[in-house]
Every structure is written in C-alpha cells, then in structure tokens.
2 protein chains.
Amino acid sequence: MKSIYFSLVFLCLLVKPSYSQNANPARFVKAADMTIIGKMIQTRNIYQSLDTIDYPRLPAAVKRLLTMSAGIAVSFKTDSRFLKAKWCNSKSKVGSNMTAIAQKGLDLYVKLNGKWQFCGVGKPLEQCTETSLVNNLMEGQKEFLLYLPLYDEINDLEIGISSHSTITAGTIPFKSRILIYGSSILHGASASRSGLAYPAILSRQTGLNFINMGLSGSAKMEKEVADLIAKIDADAYILDCVPNSSPEQIKSRTDYLVQTIRNSHPKAPIIIMQSLIRESGYVDAVIGDRVRLQNEEIKSQFLNLQKKGVKDLYFISAENFLGNDHEGTVDGTHPNDLGFYRFTEDIRPKLLKILAKYNIK
Amino acid sequence: MKSIYFSLVFLCLLVKPSYSQNANPARFVKAADMTIIGKMIQTRNIYQSLDTIDYPRLPAAVKRLLTMSAGIAVSFKTDSRFLKAKWCNSKSKVGSNMTAIAQKGLDLYVKLNGKWQFCGVGKPLEQCTETSLVNNLMEGQKEFLLYLPLYDEINDLEIGISSHSTITAGTIPFKSRILIYGSSILHGASASRSGLAYPAILSRQTGLNFINMGLSGSAKMEKEVADLIAKIDADAYILDCVPNSSPEQIKSRTDYLVQTIRNSHPKAPIIIMQSLIRESGYVDAVIGDRVRLQNEEIKSQFLNLQKKGVKDLYFISAENFLGNDHEGTVDGTHPNDLGFYRFTEDIRPKLLKILAKYNIK
C-alpha cells in the first residue's frame with residue numbers, strides 16, 4: 001500500500017510540471033546566433049552600438065549612449081506558431097516622455113506578402129523579463145525582425161520558439177548603408193516602440209539600410225565624434241545633429257565634420273538636415289529664436305561648404321516636418337508617432353531622390 | 001562690530017532667497033478655484049470622475065478607475081508670461097505602454113487665433129512635482145486648458161503665474177455634452193499626453209464637449225454601470241465598449257444598456273461603435289477571431305434594437321479606424337498618436353453628421 005502511495009506521489013510529481021507550465025512550452029535560443037542588423041560598426045559587445053572601451057577620447061555622454069541598442073534588430077526565420085523572448089535591461093529609469101516598451105522593450109515585425117508588418121511587442125517587466133511576443137501565428141516559415149530597446153543596454157537576449165519548430169539566422173533585409181548621425185529625435189524619442197524610430201520606419205518603407213547613430217542630447221559635432229563617423233563605412237551620410245548643437249557650435253564645428261567625412265569617403269553623398277521646428281518654439285519665444293538661429297546657421301554653413309567646392313552635399317529644409325496642427329510631439333520637442341509619420345512622409349521622397357543619383361536604391 | 005556682523009548675516013538671509021530662487025518666482029493658485037471641465041457628473045472630489053463612495057454597487061475595478069482624472073481639464077485665463085504647476089500623484093506604477101506624462105502628468109493648451117494649440121507639458125518627477133509648463137509667452141491675456149492625468153488620481157493641483165499677473169476662471173469652451181462610455185482606448189491608452197486622448201482631440205476640433213468615461217479593461221456593460229450612465233445628463237451617448245466585452249457579454253448586456261439610457265433620455269441619440277480591429281488580430285488568429293465575433297455580435301444587437309423600435313440609434317463600423325499600414329498602435333491593441341489621429345479623422349465626420357440632426361453643433 002505504502003509503495004503504491006509513493007508511486008502515485010512520484011507519478012504526480014512527474015506529471016505535474018507539464019500541467020502547471022505555460023500551454024506553450026518554449027525552447028530558447030540565443031539571439032546572438034541569429035543575424036544582427038542595423039549596427040554602425042562591428043562590435044564584440046553584440047547588442048551595443050560601439051565597444052566604447054576602444055574610443056577613450058569620445059565625450060563621456062556619447063560613450064554612455066553608444067552602449068545602448070538603438071537601431072539594432074535581430075533577423076531570423078522560424079516556423080514556430082508563437083514567439084517568446086527573455087532579456088535583461090539596465091536599472092535606468094524610464095524617461096517621462098517615453099514608454100517602457102520603447103525604452104527597454106522589444107518590437108517584433110513579420111514579413112507578410114512581401115511587406116514588414118507589426119507583429120507584437122515585448123513588454124519589460126522587471127530588470128529581467130520573460131514574456132510572450134505573439135501567439136497563434138499561421139502555419140509556415142516566416143521572416144521576423146526583432147527591434148531592440150531604444151534607450152537602454154540589453155543583455156542575454158533569447159528568443160523562444162515551440163519545441164518542435166526550427167529557427168535560423170535571417171538575411172540582412174535592407175540594402176546599402178545610410179548612416180544617420182543625430183539627436184534624441186533620431187535616437188527614437190518619443191516613438192511608442194522601437195520599430196517606430198524614424199530610421200526603422202524608413203528602412204522598412206524603402207528597403208534601404210538606415211543606420212541609427214542617435215545620441216540623445218549629445219549630437220554636438222565634437223571633433224572626436226566626427227573622427228568616429230568618418231571611420232564608419234557607409235554609402236551615404238545624413239547629418240541630423242542641428243537640434244543639439246548651439247548656433248555657435250554649428251558655426252565652429254560643421255566644416256570639420258563634413259570635411260572629415262568627405263576626406264574618408266570622397267564620393268559618398270552627405271545630406272544635412274535642418275532641425276525640426278520645436279512645437280514649444282511656437283509659444284516660447286526663446287526656444288523659437290534658438291531653433292531659427294540654429295537653422296539659419298546650418299544653412300549658412302551648407303552654403304559655405306558648397307562655395308568651398310565640397311561636392312555631393314545636400315540640404316533638407318525643415319518647413320513641413322511635423323505638419324501644421326501642432327500635435328506631432330509628446331512634449332514640444334520630441335515627435336510622437338504622428339510626428340514621426342509626418343516626418344518620414346516628408347523626408348523619404350527627398351532622400352530617395354538624392355540617393356537614387358548614386359544608384360543607392 | 002558684532003552687531004554689524006549680525007546685520008550683514010541678517011541682510012544676506014533676507015537677500016539670498018531672491019537670488020537662489022528660480023529666475024521666475026511664481027505665485028501659486030489652486031486649480032480648484034478655476035473652471036473644471038470634462039466631468040461626467042458633479043463631484044465633491046473635484047479631480048475625480050465620480051464620488052465612488054456614493055455608488056457602492058459598482059464593480060470594484062470600475063470604482064477604482066473612476067477615481068482617476070481622465071478627460072478632466074482646468075480652464076483659466078491669465079496674462080502671465082510663464083506657467084508652472086504643482087501637483088501630487090498616487091504611487092501607482094506607469095504602464096509599459098504609456099508615457100509618465102500621459103499617465104501622471106499635465107498637458108497644456110493655449111487658444112491662439114481662435115484655435116487650441118499645444119503649449120507645454122508637466123513632466124511628473126516624484127510623487128509630488130513642481131515644474132515649469134511654459135516660458136516666454138507673448139504678452140497679453142490668453143485662455144488656457146490644462147488636461148489632467150489620464151490614468152491616475154491627482155491631488156493638490158496648483159497653477160503658478162508671475163507675481164505681477166492675474167489669473168481668472170475660464171469659460172467652458174465646448175458646447176453640449178456628449179458622453180462616451182468605453183475601454184482603455186477611450187480612457188487614453190496609449191496617447192502620448194492627456195490632450196491626445198480621443199475625446200480631447202474631438203472636443204478641440206469640433207467645439208463640442210466630448211466627455212471621457214473610459215474604463216480601462218472594465219467597460220463591460222454591467223447593469224450597475226448602465227444604471228449610472230443613464231443618470232448622467234448628456235445630449236448624446238456614444239458606446240465604445242465593445243473592446244472589453246466578450247461576445248457573450250455583448251449579447252446579454254447591450255439591450256439593457258441601450259434601453260436603460262433610452263428610458264431616461266427619450267430623445268438623445270445613442271451611437272454604438274464597433275471595436276477597432278486590434279492590430280494583433282491580423283497576426284494572432286485567436287485575437288482576430290475574437291474581435292470579429294465581438295463586432296458581429298454588436299452589429300446583431302444594434303439590428304435587434306432597431307427591430308424592437310428603438311429610435312435615434314446609430315452604428316459606426318470599424319473598417320478604417322487605424323488606416324492600413326498596421327503602425328497605429330503601441331502594442332497591437334492601444335492606438336498610438338498616429339492611430340488616434342486616423343481614428344478621429346475617420347469618426348469625426350460620421351459623428352458630426354449624426355449630431356447635427358439633433359442640432360448638436
């Protein structure tokens with residue numbers, strides 16, 4: 001009797017886990033074994049933009065920002081009918097103008113009928129999270145892109161699939177390399193999720209590889225940063241660094257930045273963008289004046305460089321970046337998803353026209 | 001000598017505060033003394049939607065949600081060249097799909113050239129915050145609207161103006177009363193700030209007073225809630241409660257909800273809206289099926305009520321609520337600001353056409 005009792009207890013112990021576990025038991029694989037896209041440069045720290053230890057002279061704020069994973073995504077193929085993820089974040093607080101999903105979470109896209117389509121998000125819970133991304137997918141192998149957090153370091157990222165399915169590294173889905181250097185707006189503030197940062201939108205819409213070198217609050221064209229940008233291999237360079245640079249900095253630093261890129265990349269187009277007009281600037285006269293002076297100075301610098309004979313240099317004006325209803329920002333400075341939608345609708349055709357001249361298409 | 005020393009110390013103590021204070025010393029007034037708009041019902045707790053103690057039978061979740069300040073705004077006039085605010089929040093955590101500005105912060109609009117225009121936000125810092133809303137405004141008295149947090153209780157709200165300026169209660173800037181009862185989407189998830197919740201957008205765009213009775217996750221047409229809605233005085237009633245209600249709940253509860261409102265308000269138009277198609281539903285077959293069943297059931301209920309002879313009843317279909325690029329949500333369910341923009345563009349003309357029949361314009 002006693003042995004039957006123990007056998008039953010033993011059986012229950014054996015059986016119980018399969019009932020108490022999630023209905024979708026997952027097999028986890030390391031995201032690092034998949035294809036990592038959107039990187040400005042190859043790194044040992046695969047989820048960071050730069051191995052900052054190799055660049056001791058960069059400004060401290062720039063180094064800190066380049067440990068984040070803005071613009072980086074994981075490309076993979078799987079026939080799993082569900083996807084999960086595990087990852088760890090830093091202990092940083094979420095900014096008041098960001099969602100935790102954008103700052104510390106994941107954003108999944110799937111290719112359907114030849115187009116990238118939103119598929120699901122990974123909501124960050126604690127410092128380390130295990131969560132579902134999507135369930136009940138239709139049958140068959142599909143391509144996925146998993147965008148990493150915009151404003152955080154990420155570690156130990158794993159993707160969970162059903163135990164009977166397969167997962168393989170994906171292709172690099174976007175062609176050429178167009179580096180964008182810029183401020184928090186480029187970095188992704190304040191997209192609601194990482195796939196809605198503007199280089200990510202442009203890449204999915206155009207099939208071109210727009211690379212996010214966003215440095216929130218710190219895109220100030222410092223000499224060390226200009227030297228770093230010149231070392232980054234790209235087919236075109238977009239400079240969206242006016243919002244963080246004072247008129248004086250724009251005056252004293254633009255020439256070095258552009259000439260340094262030009263010296264290392266003699267034929268690559270360099271596209272300078274004005275700052276979007278901060279919505280705050282329509283009501284706060286001091287902010288309005290500053291943006292106007294910044295935009296006048298960058299225009300002046302562009303014309304000077306042209307006069308000096310710098311070729312393949314382009315300029316995009318800010319007139320219509322955010323529409324005219326004043327609703328395109330979260331806080332008067334950072335576009336919300338409506339603002340980013342209008343911004344990409346405005347700049348996409350202008351960029352494509354320039355890039356097509358260089359057979360970047 | 002000693003007395004001179006003490007006199008100097010005393011002088012320093014007197015003088016020091018004016019140097020160490022902010023360059024814009026403010027005089028604070030209680031927001032409760034201004035005009036409070038957007039309320040579904042008069043309450044003793046002025047920043048809460050309902051004095052829930054008076055409604056013991058309401059479901060607990062509904063009561064908790066109705067202590068929040070979604071849809072409430074403060075209307076005032078001032079000639080101050082800057083505005084500050086002080087307020088206290090609850091200790092609740094910010095949702096991963098919300099910004100802290102939307103959930104716990106403030107959103108300021110100013111009337112310029114006859115139109116409401118975004119002016120600034122109050123970023124919540126700690127549990128109690130004192131912060132600047134806007135600076136360097138142009139001269140002259142202007143009208144302001146300060147939207148309160150969407151997903152939090154707020155207390156002790158004060159507005160700071162320059163010591164030499166005046167502040168007075170504003171008018172009620174929107175006409176009539178159109179009550180909207182609905183889910184988290186109505187409540188404001190996931191607008192980036194409280195002025196971008198959809199009733200707030202509609203009110204500014206149309207001049208009509210759309211009142212936010214959003215009950216995140218809890219708009220399930222319970223009998224007690226139907227009885228409460230019927231007691232609320234309004235010129236029209238919009239029911240956007242399909243997203244939270246199961247097909248079975250829609251089947252068993254819609255008739256009572258509509259008939260109860262109709263009995264108390266014999267001539268007021270009642271407008272039933274389908275659920276927006278959750279973006280998750282395009283990739284997750286189970287979610288897709290659920291939304292389809294919810295929307296079929298509400299259509300069926302609408303047709304039944306029409307057959308029974310309920311007059312002044314309208315129906316708005318969900319086909320085009322979020323556009324067709326699948327980018328209009330933060331998480332597959334809750335619209336981001338792009339989604340809300342498309343949603344209001346779609347429903348506004350439909351609502352105005354119905355309301356105009358009743359001379360609500």
Side-chain angles (χ1 to χ4, degrees), chain A residues 81-82 94-102 104-105 107-110 112 115-121 123-125 134-138 190-193 195-196 201 204-205 279-280 282-289 323 325-332 334-342, chain B residues 81-82 94-105 107-110 112 115-121 123-125 134-138 190-193 195-196 201 204-205 279-280 282-289 325-332 334-342:
Chain A
R81 306 287 292 275
F82 68 84
V94 176
S96 67
N97 62 0
M98 299 282 291
T99 68
I101 289 173
K104 293 175 171 278
D107 192 7
L108 183 70
Y109 278 72
V110 62
L112 294 179
K115 283 190 178 174
W116 290 107
Q117 181 170 325
F118 170 77
C119 189
V121 291
K123 297 181 181 179
L125 304 171
V134 65
N135 289 299
N136 309 305
L137 289 163
M138 62 182 150
S190 294
S192 67
R193 46 185 171 80
L196 293 177
I201 297 174
R204 291 194 306 277
Q205 288 180 341
E279 289 298 342
S280 303
Y282 293 104
V283 289
D284 181 324
V286 172
I287 295 175
D289 283 348
D325 63 3
H326 306 285
E327 300 290 41
T329 73
V330 56
D331 55 7
H334 300 98
N336 53 27
D337 293 326
L338 176 62
F340 278 127
Y341 173 79
R342 290 169 171 168
Chain B
R81 305 286 293 272
F82 68 83
V94 177
S96 66
N97 62 1
M98 299 283 291
T99 68
I101 289 173
Q103 184 166 334
K104 292 174 172 280
D107 192 5
L108 183 71
Y109 278 72
V110 60
L112 294 179
K115 280 189 180 176
W116 290 106
Q117 180 170 325
F118 170 76
C119 188
V121 292
K123 296 180 180 181
L125 304 169
V134 66
N135 289 299
N136 309 304
L137 289 164
M138 61 183 153
S190 291
S192 67
R193 47 185 170 81
L196 293 176
I201 297 174
R204 289 193 307 277
Q205 289 180 341
E279 289 298 342
S280 303
Y282 293 104
V283 289
D284 180 325
V286 172
I287 295 175
D289 283 348
D325 64 3
H326 306 287
E327 300 290 42
T329 73
V330 55
D331 55 7
H334 300 97
N336 53 28
D337 293 326
L338 176 61
F340 277 127
Y341 172 78
R342 291 169 170 167

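The shown structure was predicted, so the numbers you read here are calculated from the model rather than taken from an experiment. The sequence lines fix the lettering, A, B, ..., with proteins before strands; numbering per chain opens at 1.
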(message) Is there a side-chain contact between B/Arg342 and A/Tyr341 in this structure, where contact means two heavy atoms from C-beta onward sitting under 4.5 Å apart?
(response)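 They are in side-chain contact.
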(request) Taking the side chain as every heavy atom from C-beta outward, state whether A/Gln117 and B/Tyr282 have any atom pair closer than 4.5 Å. (result)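 SC-SC contact between A/Gln117 and B/Tyr282 confirmed.
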Side chain, backbone, both or neither of [X] within contact of chain B (heavy atoms, under 4.5 Å):
X	value
A/Asp325	side chain
A/Leu112	side chain
A/Leu196	side chain
A/Arg81	neither

(request) Side chain from CB out, backbone as N, CA, C, O: work out which of these in B/Val330 comes under 4.5 Å of a heavy atom of chain A, or both, or neither. (result)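 B/Val330 touches chain A through backbone and side-chain heavy atoms alike.
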(request) Tell me, out of B/Gly120, B/Ser192, B/Ser96, B/Gly95, who's got the most heavy-atom pairs with chain A below 4.5 Å. (result)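 Answer, by heavy-atom pair count under 4.5 Å with chain A: B/Ser96.
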(message) Can you tell me which of B/Met138, B/Gln103, B/Glu327 forms the most heavy-atom pairs within a distance under 4.5 Å of chain A?
(response)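 Option with the greatest count: B/Glu327.
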(request) Could you pull out the closest heavy-atom pair between B/Phe118 and A/His326, with the gap in Å? (result)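 Nearest pair, atom of B/Phe118 first, then A/His326: CB-O, 3.4 Å.
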(request) Could you check which of A/Ile201, A/Ile101, A/Asn97 has the highest count of heavy-atom pairs closer than 4.5 Å to chain B? (result)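 Answer, by heavy-atom pair count under 4.5 Å with chain B: A/Ile101.
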(message) Using the side-chain contact (heavy atoms from CB on, under 4.5 Å) definition, which of the options A/Leu137, A/Asn136, A/Asn135 pairs with B/Val283?
(response)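 It is A/Leu137; the other options fail the test.
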(message) Please check this pair: side chain of A/Arg193 against backbone of B/Thr329, looking for a donor-acceptor N/O pair closer than 3.5 Å.
(response)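 It does hold such a pair.
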